[in-house]
Undergrad: 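Mind looking over this structure? Questions follow.
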Amino acid sequence: MDLMQKSGWMQNPDFIGLITTSVLNEDGHHFAFSTAQLFDDGSWFIVYLPRPETTSSDAIILEIQKNVTEISFTRSIKKCLQVYNELKVQASIVILCIGTISFTVSSLLSPSLKNPCWQILDKTVWANKCLFISKDEIDLDDSKNNQHLDPLTVLAMYFSDNKIQKQKLQDIGNPTIKLLDSINKKQ
């Protein structure tokens with residue numbers, strides 16, 4: 001059974017650590033699962049909040065979206081504003097696109113200097129960080145670099161449910177794919 005069809009993966013401490021370390025370079029123990037929302041189109045919004053005893057000030061919103069369109073991106077912005085209005089915490093949002101990003105949205109994005117598989121939206125007032133990772137930007141033909149792909153890129157590939165890509169990562173022993181498989185088996 002696919003990890004997305006199970007309910008406990010998003011609350012798994014190892015998964016939370018994977019997200020928080022990748023997005024904010026902070027220990028996963030400083031964050032807790034807050035809420036998850038599944039939409040009719042199959043997209044997810046998962047919110048992680050800093051624990052009260054920590055000094056972190058950002059929430060993290062992980063969005064897993066098949067196709068990013070103007071409408072779905074507007075929903076993403078509204079979610080960031082909702083988190084701020086309800087919790088008084090600004091968010092960093094990571095949108096894992098497991099399908100395609102519309103031309104209108106992609107024209108707003110810039111390549112990230114930190115990672116060639118990432119795209120960013122500069123100058124937002126509604127989020128501290130807005131990061132897009134699209135499975136279409138990932139080149140698995142470069143096998144030398146596949147073992148060291150960043151966890152968010154591997155996560156986008158994992159949720160896209162491309163069995164060939166998953167198998168390539170498993171064959172080379174990618175540590176993130178091993179962790180995700182382990183979490184999947186525990187659920």
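No hydrogens, no waters, no symmetry mates; every other heavy atom, side chains included, goes into these values.
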Undergrad: Determine the minimum heavy-atom distance between Gly99 and Ser134, stating which atoms define it.
TA: O-OG, 4.2 Å
Undergrad: Residues in side-chain contact (heavy atoms from CB on, under 4.5 Å) with Lys114, at least two apart?
TA: Ser112, Trp118
Undergrad: With a 4.5 Å limit on heavy-atom distance, are the side chains of Leu152 and Ile19 in contact?
TA: yes
Undergrad: Looking only at non-hydrogen atoms, find the nearest pair between Pro50 and Ala59 and report the distance.
TA: CD-CA, 4.2 Å
Undergrad: With hydrophobic residues grouped by side-chain heavy-atom distances under 4.5 Å, do Ile64 and Leu180 end up in a single group?
TA: yes
Undergrad: Are Leu109 and Ile120 packed together at the side-chain level, in the sense that at least one heavy-atom pair is separated by less than 4.5 angstrom?
TA: no
Undergrad: State which residues pass salt bridge (Lys or Arg N to Asp or Glu O under 4.0 Å) with Asp41; sequence neighbours excluded, sorted by chain then number.
TA: Arg75
Undergrad: Closest approach of Ser102 and Glu70, non-hydrogen atoms and distance?
TA: OG-N, 4.2 Å
Undergrad: For Gln65 versus Ser72, what's the shortest heavy-atom pair and its separation?
TA: NE2-CB, 3.7 Å
Undergrad: Looking at CG of Asn12 and CD1 of Ile183, how far apart are the two atoms once the value is rounded to the nearest 0.5 Å?
TA: 4.0 Å
Undergrad: Set out, in order, the CA-CA distance, both residues' side-chain angles and the distance that settles side-chain contact (heavy atoms from CB on, under 4.5 Å) for Thr153 and Asn115, then state yes or no.
TA: CA-CA 9 Å; Thr153 302; Asn115 188 311; 4.2 Å; yes
Undergrad: Indicate the atoms forming the closest heavy-atom contact of Ser106 with Ile101, along with that distance.
TA: N-CG2, 3.7 Å
Undergrad: Return the set of residues passing side-chain contact (heavy atoms from CB on, under 4.5 Å) with Ala36 (not counting sequence neighbours), or none when no residue passes.
TA: Met10, Phe33, Trp44, Ile46
Undergrad: Mind jotting down which residue pairs meet the side-chain hydrogen bond (donor to acceptor under 3.5 Å, both in side chains) criterion with at least one end in residues 86-100? Sequence neighbours excluded, please.
TA: Asp58-Ser92, Asn67-Thr100, Gln82-Glu86
Undergrad: Sequence neighbours left out, what passes salt bridge (Lys or Arg N to Asp or Glu O under 4.0 Å) with Asp181? Give chain and number order.
TA: none
Undergrad: Using a 4.5 Å cut-off on heavy atoms from C-beta on, say whether the side chain of Ile95 contacts that of Ser76.
TA: yes
Undergrad: Any non-hydrogen side-chain atom of Leu62 less than 4.5 Å from a side-chain atom of Ile93?
TA: no
Undergrad: How would you list, by chain and number, every residue that makes a ring pair (Phe, Tyr, Trp, His ring centres under 6.0 Å) with Phe45, sequence neighbours excluded?
TA: Phe39
Undergrad: Could you pull out the closest heavy-atom pair between Ala91 and Ile61, with the gap in Å?
TA: CB-CD1, 3.7 Å
Undergrad: Between Tyr158 and Ile98, is there shared hydrophobic-cluster membership here, with clusters defined by ILVMFWY side-chain heavy atoms closer than 4.5 Å?
TA: yes
Undergrad: When you measure from the side chain of Asn174 to the backbone of Gln170, do you find a donor-acceptor pair of N or O atoms at a distance under 3.5 Å?
TA: no
Undergrad: Donor-acceptor check, side chain of Thr21 to backbone of Leu18, threshold 3.5 angstrom: yes or no?
TA: no
Undergrad: Verify side-chain contact (heavy atoms from CB on, under 4.5 Å) between Gln165 and Leu169, making sure each step is shown before the conclusion.
TA: CA-CA 6 Å; Gln165 288 181 336; Leu169 291 171; 5.6 Å; no
Undergrad: Between Val83 and Val125, is there a shared hydrophobic cluster once you connect ILVMFWY residues whose side-chain heavy atoms come closer than 4.5 Å?
TA: yes
Undergrad: Calculate, to the nearest 0.5 Å, the distance between atoms CD1 and NZ belonging to Ile177 and Lys168 respectively.
TA: 13.0 Å
Undergrad: Sequence neighbours left out, what passes side-chain contact (heavy atoms from CB on, under 4.5 Å) with Asp40? Give chain and number order.
TA: none
Undergrad: Which class fits the ring pair Phe159 and Phe15: parallel under 30°, tilted 30 to 60°, perpendicular over 60°?
TA: perpendicular
Undergrad: Find out if a path of hydrophobic residues (ILVMFWY) with successive side-chain heavy-atom gaps under 4.5 Å connects Val47 to Leu155.
TA: no
Undergrad: Can you tell me if Leu38 has over 12 outside heavy atoms packed within less than 6.0 Å of its CG?
TA: yes
Undergrad: Is Leu96 close to Glu63 at the side-chain level, that is, under 4.5 Å between some pair of heavy atoms?
TA: no
Undergrad: Between the side chain of Arg51 and the main-chain N/O of His29, is any donor-acceptor distance below 3.5 Å?
TA: yes
Undergrad: Given side chains that start at C-beta, do those of Ile77 and Leu81 come closer than 4.5 Å, heavy atoms only?
TA: yes
Undergrad: With sequence neighbours left out, what residues match Phe132 under ring pair (Phe, Tyr, Trp, His ring centres under 6.0 Å)?
TA: Phe73
Undergrad: Just to verify, what does Thr20 make a side-chain contact (heavy atoms from CB on, under 4.5 Å) with, not counting sequence neighbours?
TA: Ile16, Phe31, Ile60
Undergrad: Establish whether Leu24 and Tyr84 are linked, either directly or via other cluster members, by ILVMFWY side-chain heavy-atom contacts under 4.5 Å.
TA: no
Undergrad: State the CG-SG distance between Asn85 and Cys80, to the nearest 0.5 angstrom.
TA: 11.0 Å
Undergrad: Is the backbone of Val23 close enough, under 3.5 Å, to the side chain of Lys129 for a donor and an acceptor to pair up by distance?
TA: yes
